[in-house]
Structures are given as structure tokens and as C-alpha cells.
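Taking it in order: structure first as C-alpha cells, then the write-up.
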Amino acid sequence: MTSSTRGRRPARTSNGAGRQNFAPPGAQRPEPVDYAIEIPAAITIHDLADMMGLNPIEVIKEFMRNGFMYTINEVVEHETAALVADSLGFDVLPLAEPDKQAGSLVISPDGEDPDLLEARPPVVTILGHVDHGKTTLLDSLRNSDVVSGEAGGITQHIGAYQIDFDGSPISFLDTPGHEAFTAMRARGAQVTDIAILVIAADDGIMPQTIEAIDHVKAAGVPIVVAINKIDRLDADTERVKRQLAEQDLLIEEWGGDVIAVPISALRGDGISDLLENVMVVAEIGELKANPQRSARGVVVEARIDKQRGTIATVLVQTGTLSVGDNIVLGEVRGRVKAMFTDRGRRIKSAGPSQPVEILGVSGLPQAGDVLETTPDDKTARQIVEERQRLREIKFGSGPTLEDVYTRIESGEVKTLNLIVKTDVQGTVDAVRNALERLNNEQTKVTLIHAASGSITESDILLAVASKAIVIAFNSRIEPGARSLASQEGVDIRFYSIIYNLVDDVERALTGLLDPVYRDVLEGRATVRAIFSLGRRAKAAGFYVNDGRITRDSKIHVLRSGQELHVGPIQSLKHFRDDVREVATGFEGGVTLEGFHDYEEDDVLEAYRTVQES
């Protein structure tokens with residue numbers, strides 16, 4: 001960068017040792033001198049780049065290389081910024097202690113000036129077992145919102161909406177369940193301030209309720225329990241309270257801190273009491289945001305409309321989003337052309353905790369993608385291109401048993417988080433007790449979730465969000481979960497003997513576990529035809545849906561979700577030619593060692609074996 005590039009920014013020189021020094025603009029380059037920068041307690045990526053005289057895109061790339069996924073307007077702490085500045089060749093001055101008597105600026109935990117922070121509405125997610133009244137409660141809440149109702153207004157079911165309760169707005173996320181709740185966390189978006197757990201008074205706590213509780217606990221979100229269907233003759237609220245205590249959720253009247261409100265979502269009984277308690281929890285949380293800064297938010301859902309194109313439902317978390325803003329949402333970009341509320345009303349701007357539909361996005365973002373505004377379209381394009389280029393590189397992938405000890409020693413993690421799935425319910429307690437006996441002053445094993453059944457995509461998402469390892473004891477994994485685990489780098493361990501399970505975990509905690517090998521998904525194909533090669537031998541004609549099938553792949557044959565065979569490839573062809581691989585969108589033929597019973601629509605998943613680093 002030359003001295004004429006920008007303002008008074010210092011010009012870069014080199015000291016010949018890989019570090020960079022700077023000289024004042026307009027001057028001849030002097031002999032190398034140390035140049036130190038002073039980074040505050042919190043700083044945006046843009047301001048950090050400006051301080052170092054670098055292009056923000058280059059700084060974002062360096063954050064990515066160091067394992068941090070940040071965007072241009074995101075605020076980072078001093079330690080993180082100093083680490084990246086040092087890797088770019090800068091000397092960073094130590095952070096000075098704030099001088100309260102001198103009236104120095106105090107920085108809040110999220111990097112905002114406290115004087116600019118204002119109270120914001122709470123964001124609430126409703127979770128619960130199927131048929132326990134979650135949907136009925138959502139409808140009851142929307143219908144009770146008479147204050148913000150508009151004559152002729154059209155209520156849009158956009159996955160998020162805001163109601164007015166006694167003059168105070170409350171935002172609700174209408175997610176399909178705890179899987180969607182955790183999917184957002186897995187992508188780095190902590191959206192929810194309060195979780196309402198709906199439990200039917202006649203059914204009590206069910207397996208899906210326990211799963212929802214574990215997901216919310218892992219997120220560290222306050223829980224308000226809505227004991228629903230109290231109008232039923234067989235309702236038993238006391239039993240629900242006892243079951244809550246068994247899940248370590250002790251209600252207030254029993255000396256705990258969990259609020260439980262009896263309601264009838266069908267009749268509307270207790271709804272006002274429920275909302276009052278939500279506002280109490282919100283007040284305790286002192287929820288604040290800075291509406292004056294550039295907007296940051298999260299994608300709740302996205303869809304394609306035939307007339308209007310891509311429509312993204314976003315929840316603004318801080319700042320103000322305005323029509324005309326350039327935005328990046330995950331790996332897509334756009335410019336806000338129009339915004340609508342859940343009532344269908346067109347608006348020009350949206351503040352913190354407000355859900356809106358936006359038009360003007362170039363592609364289809366994923367739920368949980370973070371929304372950021374950028375200074376211009378060029379910056380947005382560069383950020384998206386860099387993210388797409390680095391998509392295959394996994395930073396911050398989940399821990400493995402082999403590296404747990406190193407992570408604990410370095411302070412990166414304080415506990416070993418585990419998700420345990422067993423074949424039957426009776427085994428859960430046995431595994432839980434055996435693992436909890438490993439806890440001591442130096443190390444701790446935390447069971448994020450433990451249940452019977454197969455490993456599902458929900459388990460994998462929870463593992464991603466909680467940086468956990470999945471332990472399967474005599475339990476199988478569903479095909480979709482296997483693919484997701486491979487994609488997200490989640491470590492899954494299979495055991496059939498409890499001694500081996502406990503021994504491996506104990507060895508991991510003491511740093512003695514040897515590296516192991518794991519399978520990584522390379523591609524997926526669908527069988528479209530079967531060819532006879534003789535009396536018994538058959539070949540499968542396939543089409544590659546995604547990824548690639550390589551000659552040295554290990555093939556998993558799946559039919560209706562069930563795994564039929566796992567084995568190596570005997571031959572791989574494209575038309576009549578032997579090939580080393582068949583890529584996405586191409587057809588090929590394959591024979592497998594020890595398997596000939598192909599059927600059309602069978603799924604072929606190709607895996608390669610890699611050693612855990």
C-alpha cells in the first residue's frame with residue numbers, strides 16, 4: 001500500500017523478518033522501526049482494518065485463517081483482534097486499565113457504548129412435544145394482539161411476528177421445533193432471549209419435551225413453563241411440576257427459579273399471566289441494543305415467491321435495517337428493496353428485535369444465516385466470494401476424543417460435552433452414572449443430552465452448537481444424520497461394551513487416546529438402472545446427485561433409509577471407460593465387492609477414510 005492510498009495512513013515497510021513496519025505517508029522509507037498499534041477493548045473489523053491501513057477483506061481473510069468467521073461490521077474483543085493483528089505483523093500495545101476517575105469511555109460486553117444502548121423487546125421461542133398445544137398457543141397469542149391489529153391488515157405467517165402486550169412489544173419465533181432452534185445456534189446465531197416450554201397437563205413430560213429441555217439448557221436460555229390444557233378433566237399440574245423437578249427445573253413455588261404458568265391455550269385462560277411473566281424475565285435480563293448502528297440480524301426463514309422472487313424473513317438483533325441497505329446473508333448478498341411486517345404493512349426501517357420480510361436478496365439464504373449490512377455492493381460481493389471459496393474449509397469444527405485433552409489444557413474448552421444415544425432407555429442411566437464418575441477437579445464430563453433411539457439430525461445439530469462428541473451405545477445412526485455429521489465435522493463413537501466407552505473417555509481426558517480413523521462423505525448418487533453381467537453378477541447404473549464417486553471410495557448402499565451394505569468398489573465406469581471418479585451431474589456404472597442386489601432408487605453414499613489430526 002503506498003502513502004497516497006488513503007489519508008494519513010502509515011506506509012508499509014518490511015523488516016526482513018516477516019513482520020511489517022510502517023512509515024509516515026510521503027516520507028522516504030526509513031530503516032525498519034517497530035510500529036505498535038493500540039487496540040481498544042472492543043473494535044469493529046472495519047475500524048481495525050482502517051487502523052492497520054489494510055483492505056477490510058484482507059483482514060476478514062486473516063480472521064478466517066485464524067478460525068474466526070466475522071463480517072465487516074462485527075465487533076471483536078481486544079484479545080481476538082490482537083491475535084490477528086499480530087499474525088499480520090503488527091505489535092499490539094497492552095490494553096490499558098480503564099481510568100474511571102479520568103472519565104474514560106466504558107465499553108459494554110458487546111462492544112457498544114452504554115450511552116447508546118436502549119431497551120429492546122424480548123425474542124421468545126415456543127417449544128414442546130407434538131400435540132401439547134404449541135400451535136394453539138401461538139394462534140391464541142396472535143389473536144390476543146388486539147392493540148396492534150389493523151383494519152384490513154393481512155396477517156402473514158412468516159415464521160416470526162411481534163405482538164403488543166400492555167404497550168410492550170414481544171417478538172415470537174414460530175419455529176417448527178427444537179431442531180430449528182438448534183440449527184440457528186449451530187450456524188452461530190443465538191437468537192432467542194426466552195424459551196416458553198409447553199407441557200400438556202394431561203400428558204406430562206414426554207421424550208420430545210426432554211429433548212427440547214436439553215436443547216434450551218445447552219443454549220443457556222431462561223425457560224418459562226406453560227402448563228397447558230388445564231381445562232381437561234384428567235389434567236394433573238402437580239405431576240408436571242414433579243416431572244420438571246426430575247429434569248432439574250425447580251419451579252418458584254418449590255423454591256426454584258423456574259416460572260410455571262397454568263394455561264388453556266384453547267380457551268385463552270392464563271395467557272395474560274404467561275405474557276406478564278415473560279416480561280418479568282425480560283426485565284431481569286436487561287435486554288438492550290443500539291438502534292443507531294448498522295444493522296445486524298439473523299435469517300429466520302426464506303422462500304421463493306413466483307411474483308416477488310426471494311423473500312427472506314429476518315429478525316433484526318441490533319442496529320436499524322433500512323430500505324436501500326446493502327446486505328450479506330451467509331453466502332448470498334442483496335440490497336433491501338422493500339420491507340414488510342408480519343401484518344403485511346410496508347415499512348422503511350426496522351429496529352432491534354423486529355421481525356420483517358425483505359425483498360432484494362440475490363439467492364436463497366439458510367435459516368440461521370447472519371445478516372450484516374455493508375458500506376457498498378462491492379464489499380458485499382467480495383465477502384460472499386470469499387465465503388464461497390472457503391466453504392469447504394472447516395474452522396472451529398467439533399472436538400474429537402483425541403484432541404479433548406489438548407483443548408482442555410489450552411483453556412479452549414473447560415468440559416467434555418457429550419451427547420449419548422443408547423439402544424434402550426434402561427441403558428441411559430447406566431452410561432450416565434459411569435461417565436459422571438469420571439468428573440474431578442481438573443476435568444468435567446457434561447451430558448448435554450442422553451436418550452434412547454437412533455442418532456438423528458437433531459442430535460448432530462445439537463453437537464455442532466454445543467461442540468459436543470456423540471456417543472452411540474448399541475445405537476445406529478440415521479443416513480441423514482451421518483451425512484450431516486460428515487459435513488459438519490462431528491465426531492461420533494460407536495460402542496457395544498460400556499467398559500470400552502468409559503475407558504476411551506477417561507483416556508481422552510488424560511491425553512492418552514490414540515488417533516483413530518473416520519469416514520468422510522465424498523458424494524451421493526442414485527441408482528437408475530441395473531445391468532446383468534452374468535449368472536449372478538450385476539452392475540448399477542447411477543447418477544451423481546452431489547459430490548463425487550471415486551474409485552477408492554467405500555460405498556454405503558441405502559434403501560428406504562436402511563443401510564444394506566458397506567464395501568469397496570470393484571469397478572467404476574463412465575460409459576465403457578474405466579475412470580477414477582464420476583462427478584456431480586454425470587452418470588456412471590459401478591460394481592461392488594460382495595453385493596449385487598441393487599434396486600432402482602437405491603442411494604449410494606461414497607466415503608473416504610481419513611485419520612483424525
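Checked by atom type and distance alone, the side chain of Asp369 pairs as donor or acceptor with a backbone atom of Gln366 at under 3.5 Å. Proximity of a side-chain donor or acceptor of Asn277 to a complementary backbone N or O of Asp273 within less than 3.5 Å is detected. Without hydrogens or angle criteria, Ser140 side chain to Leu137 main chain gives no donor-acceptor distance under 3.5 Å. A donor-acceptor contact shorter than 3.5 Å links the side chain of Thr341 to the backbone of Arg343. Judged by distance alone, the side chain of Asp325 and the main-chain N or O of Val336 form no donor-acceptor pair under 3.5 Å. Under the 3.5 Å distance criterion, the side-chain polar atoms of Arg335 are matched with a main-chain donor or acceptor of Gly324. For Ser483 (side chain) and Pro479 (main-chain N/O), a donor-acceptor pair under 3.5 Å exists by modelled atom type.
For the pair Arg308 and Phe340, the distance from NZ or CZ to the six-membered ring centre is under 6.0 Å and the angle to the ring normal is within 45 degrees.
Residues passing the side chain to side chain donor-acceptor pair (under 3.5 Å) test with Asn326, sequence neighbours excluded: none. Taking the side chain to side chain donor-acceptor pair (under 3.5 Å) definition, one finds that Ser171 meets it with Gln162, sequence neighbours left out. Partners of Ser264 under the side chain to side chain donor-acceptor pair (under 3.5 Å) rule, at least two apart in sequence or in another chain, are Asp231. The salt bridge (Lys or Arg N to Asp or Glu O under 4.0 Å) check on Arg232 picks up Asp202, with sequence neighbours excluded. Applying the side-chain contact (heavy atoms from CB on, under 4.5 Å) rule to Thr237 yields the partners Ala201, Ile227, Ile230; only residues at least two apart in sequence or on another chain are considered.
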Legend entry - Steps toward side chain to side chain contact (heavy atoms under 4.5 Å, CB included) verdict (Leu435, Val505): CA-CA 8 Å; Leu435 291 173; Val505 173; 3.9 Å; yes

Inset, instruction - Mind running side chain to side chain contact (heavy atoms under 4.5 Å, CB included) on Leu371 and Arg296 for me, showing each step along the way? - result: CA-CA 6 Å; Leu371 174 146; Arg296 185 178 189 275; 5.9 Å; no

Legend entry - Audit row: Arg303, Glu357, side chain to side chain contact (heavy atoms under 4.5 Å, CB included) steps and yes/no: CA-CA 10 Å; Arg303 68 183 193 279; Glu357 280 189 331; 2.9 Å; yes

Inset, instruction - Under the side chain to side chain contact (heavy atoms under 4.5 Å, CB included) rule, what do Ile358 and Ile311 come out as? Steps first, then yes or no, please. - result: CA-CA 6 Å; Ile358 60 173; Ile311 301 175; over 6 Å; no

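Scanning both residues, Lys229 and Ala200, for their nearest heavy atoms gives CD-CB, 3.9 Å. Taking all atoms of both residues into account, the shortest heavy-atom contact from Ala289 to Thr318 is CB-OG1, 3.8 Å. Closest of all the heavy-atom pairs between Ala380 and Thr374 is CB-OG1, 3.5 Å. Here the closest heavy-atom approach between residue Ala312 and residue Val361 is recorded as CB-CG2, 4.3 Å. The heavy-atom pair separating Pro365 from Ala302 by the smallest distance is O-CB, 3.6 Å. When all heavy atoms are compared, the tightest approach of Val332 to Ser362 is CB-OG, 4.0 Å.
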Report all side-chain donor-acceptor pairs from residues 244-259 shorter than 3.5 Å, counting only partners two or more places apart or in another chain.
from	atom 1	to	atom 2	distance (Å)
Glu253	OE1	Lys241	NZ	3.1
Glu253	OE2	Lys241	NZ	3.2

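Looking at Ile448 and Leu462, their side chains come closer than 4.5 Å, going by heavy atoms from C-beta outward. Between Asn474 and Thr422 the shortest side-chain heavy-atom distance does not fall below 4.5 Å. By the 4.5 Å heavy-atom criterion applied to side chains, Ile455 and Ile460 are counted as neighbours. Contact check for Leu416 versus Thr446: no side-chain heavy atoms found under the 4.5 Å cut-off. Contact annotation: the side chain of Val298 never approaches that of Leu329 to less than 4.5 Å [non-hydrogen atoms, C-beta and beyond]. Proximity of Val356 to Thr313: side-chain heavy atoms (C-beta onward) are nowhere separated by under 4.5 Å. Side-chain contact between Glu457 and Asp459 is absent, with no heavy-atom pair separated by less than 4.5 Å. Between Val278 and Ile196 the shortest side-chain heavy-atom distance falls below 4.5 Å.
Taken to the nearest 0.5 Å, the CD1 atom of Ile163 stands 10.5 Å off from the OG atom of Ser168. Ile263 contributes atom CD1, which lies 4.5 Å from atom CG of Asn228 (distance to the nearest 0.5 angstrom). Here CD1 of Ile223 is found 6.0 Å from CG of Leu197. Values are rounded to the nearest 0.5 Å. To the nearest 0.5 Å, atoms CD (Gln317) and CG (Leu287) are separated by 12.0 Å. Taking CG of Asp423 as the reference point, atom OG of Ser454 lies at 11.5 Å (rounded to 0.5 Å). Note: Leu418 CG to Glu436 CD = 10.5 Å, rounded to the nearest 0.5 Å.
Annotation: Phe473 is not in aromatic contact with Tyr495 [ring centroid separation under 6.0 Å not met].
Atom CD of Glu238 has more than 12 neighbouring heavy atoms from other residues, nucleotides or ligands inside a 6.0 Å radius.
Remark: the Ser353 side chain and the Arg120 side chain contain an N/O donor-acceptor pair separated by less than 3.5 Å. In this structure, a donor-acceptor pair under 3.5 Å is present between the side chains of Thr192 and Thr125. A donor atom on one side chain and an acceptor atom on the other are found under 3.5 Å apart for Glu211 and Ser458. The closest side-chain donor-acceptor pair between Asp429 and Asn433, if any, does not fall under 3.5 angstrom.
Considering Val300, Val221, Leu315, Val299 in turn, Leu315 is the only one that fulfils the side chain to side chain contact (heavy atoms under 4.5 Å, CB included) rule with Val191.
Between Asp491 and Lys467 there is no salt bridge, since no side-chain nitrogen of the basic residue lies less than 4.0 Å from a carboxylate oxygen of the acidic one.
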